[in-house]
Amino acid sequence: MVTLTDHPLLRTDSYGKIFLYTTQEDVACVPRHRIRMSEPVRPACLLSAVKTALLRFPHMMVGLAATGTQYKYRLLVDEPVVLPFDGTTQRYTIGSDDTHGYLFLVGYHEDTIFMEYQHSVSDGRGFEEFIRCVLYHYLLECGHKVENDGSVRATDSAYVTEESEDAFRRLDEMEPSPAGIYQKPAALHADGLTWENDSPEVVTELTFPFSALRAKAKEYGVSPLSIIAPLFSRAFYHKFGEGHTEPVISEIPVDLRQVIPSLTTRYFVCFIDLPYEAEYNSMPLPEVFRKTKDFLNSQMATEQLLFRAKRASSVCRELHERDIPIAEKEAEGRQIARQFVRDDTFLITNVGQFKLPETMQPYVLEYGAVLPCSVQPFAMLISSYKGTMKLSIAQRDHDFQVVTELQRLLSSLDIPVQANSYPFLVTRYDGALSSVPYLL
């Protein structure tokens, strides 16, 4: 028998539970996706599309309830809302009355749709499934003749419980080996840049043809990530590394669906550490790219990924299930999360190519996503759409030396780069503000 507390729609994944007990000041718990359309957004059509998408993604119809010791999901009965939202002036709290309790936010401003999510409900790949569904039904509501080529989980397909499974539970009976995992030393940090408040961030978008990067990667026999990560690390070292010998260590999330196939749209990643050694500064870039590729290859073995995933998800699950007051749990969760991200220099995540059916593409002109940097000085998110790659770099410092140097380094490889910077007001999350008392 399935009880209410074990209802498929109310399941959280083991790893994502940590985000229930943190805030936007601690970690990037509210990522933002920006979709620029070919015409001004129609709010009524957008709201109708969100309602329709929730029929296909019923596990997104959840808010929070609080017991004395835990945050749990609760099924929502209120209708969703779409909000006027430019990302720079109006500020909301996700999961609160602002969003009618929903742990995602859909906003609009002029020709742009914004979609955000509280990271406990999904990872980037999972949330993109929801985004595609909303966009597909939005364009239908607007009267456009678009067709689903089978790549969109829209209402012409059916929800199955595996889409909201806690895929980390598949690791329970496994004992993966830690052999070969990189034992990282202390990392180089941005001296003097610490952030203990939720002041605004700044985002710089660097865009360029993906074909130009791909050509360079092929020329050097490496991957695109093996170029981008060390270039940013070198730029970081030039600003913060004088007199230091510690490596810049980037923290990179890896989608576990590639090693454990799953339909889940919940949070299902592990993290690996990628070092850029001080000695790399004196090496030719092609040699650094190849060293980076070789290191990544050495850390992507299935056993290693599963070990990292089980170790981290077990810590988060244990904290969630511990019988201590919720205030104590929040304090410990925030400490765990902050220490986890501060062990590395910065976070870099690659959500890959955003794909839409061909009939939808004329109406969706531009796509990008931003990962707030929170307590780290920088966070980079890599995305691509219709042949354009976008590096969205969030930072708390208003000194643009690092991103300007990254732009210069990319240009030195004959990759034509355009830059655009704008203020970024991070959407708030607070469990106490987003929850109601839990009733059995």
Side-chain angles (χ1 to χ4, degrees), residues 13-16 18 119 123-126 162 165-187 213-214 217-218 220-233 246-277 279-280 283 286-318 336 339-341 343-353 371 379-382:
D13 69 82
S14 299
Y15 203 153
I18 191 68
H119 231 331
D123 57 19
R125 177 173 172 182
E162 288 80 8
E165 73 170 345
D166 176 6
F168 289 102
R169 300 306 302 235
R170 301 197 193 185
L171 305 178
D172 286 350
E173 304 305 318
M174 300 182 186
E175 292 298 335
S177 169
I181 287 181
Y182 173 62
Q183 302 300 313
K184 61 183 177 185
L213 178 64
R214 183 173 53 199
K218 184 177 180 180
Y220 298 135
V222 299
S223 66
L225 182 61
S226 300
I227 293 178
I228 293 173
L231 287 186
F232 187 85
S233 296
E246 305 97 321
V248 173
I249 301 179
S250 51
E251 177 187 303
I252 302 176
V254 177
D255 183 4
L256 284 171
R257 296 170 185 84
Q258 62 187 313
V259 294
I260 301 182
S262 173
L263 291 174
T264 188
T265 59
R266 295 305 195 199
Y267 195 89
F268 194 38
V269 302
C270 70
F271 289 84
I272 64 174
D273 303 297
L274 177 62
Y276 175 95
E277 303 290 347
E279 64 194 50
Y280 288 2
M283 294 181 181
E287 184 177 351
V288 177
F289 300 154
R290 285 188 283 269
K291 284 183 174 292
T292 301
K293 177 178 179 286
D294 291 344
F295 181 88
L296 282 171
N297 289 343
S298 75
Q299 298 297 299
M300 293 290 284
T302 297
E303 279 284 295
Q304 295 177 356
L305 297 178
L306 297 181
F307 178 86
R308 291 186 180 96
K310 183 171 184 177
R311 178 177 58 186
S313 63
S314 296
V315 170
C316 298
R317 186 195 307 171
E318 187 277 331
I336 289 173
Q339 188 58 48
F340 178 74
V341 297
D343 282 345
D344 300 293
T345 308
F346 69 95
L347 179 65
I348 176 172
T349 186
N350 181 12
V351 298
Q353 184 179 4
L371 196 69
M380 179 193 296
L381 189 144
I382 306 170

Query - side-chain contact (heavy atoms from CB on, under 4.5 Å) assessment of Val259 paired with Leu306 - result: CA-CA 8 Å; Val259 294; Leu306 297 181; 4.0 Å; yes
Query raised in the report: Is the number of heavy atoms from other residues, nucleotides or ligands under 6.0 Å of Lys184 NZ greater than 12?
Result: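 Above 12, so yes.
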Query raised in the report: With sequence neighbours left out, what residues match Arg308 under side chain to side chain donor-acceptor pair (under 3.5 Å)?
Result: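 Checked Arg308 against side chain to side chain donor-acceptor pair (under 3.5 Å); matches are Gln299.
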How far apart are the closest heavy atoms of [X] and [Y], and which atoms are they?
| X | Y | answer |
| --- | --- | --- |
| Ala179 | Gln304 | O-NE2, 3.1 Å |
| Glu277 | Pro247 | OE1-CB, 3.6 Å |
| Pro230 | Val288 | CB-CG1, 3.7 Å |
| Leu305 | Ile272 | CD2-CG2, 4.0 Å |
| Tyr280 | Pro275 | CE2-O, 4.0 Å |
| Phe346 | Val248 | CE2-CG1, 3.7 Å |

Requested in this report: Starting from the C-alpha separation in whole Å, work towards a yes-or-no answer on side-chain contact (heavy atoms from CB on, under 4.5 Å) for Ile228 and Ile348.
Outcome: CA-CA 10 Å; Ile228 293 173; Ile348 176 172; 4.3 Å; yes
Side chain [X], main chain [Y], donor-acceptor under 3.5 Å:
| X | Y | value |
| --- | --- | --- |
| Glu246 | Ala186 | no |
| Arg257 | Thr264 | yes |
| Ser250 | Leu274 | yes |

Report task. Check the pair Lys291, Asp294 against salt bridge (Lys or Arg N to Asp or Glu O under 4.0 Å), reporting the backbone distance first and the verdict last. Result -> CA-CA 5 Å; Lys291 284 183 174 292; Asp294 291 344; over 6 Å; no
Query raised in the report: Among pairs that include at least one residue of residues 286-306, which meet ring-ring contact (aromatic ring centres under 6.0 Å, His included), considering only residues two or more places apart or in two chains?
Result: Tyr182-Phe295, Tyr220-Phe289
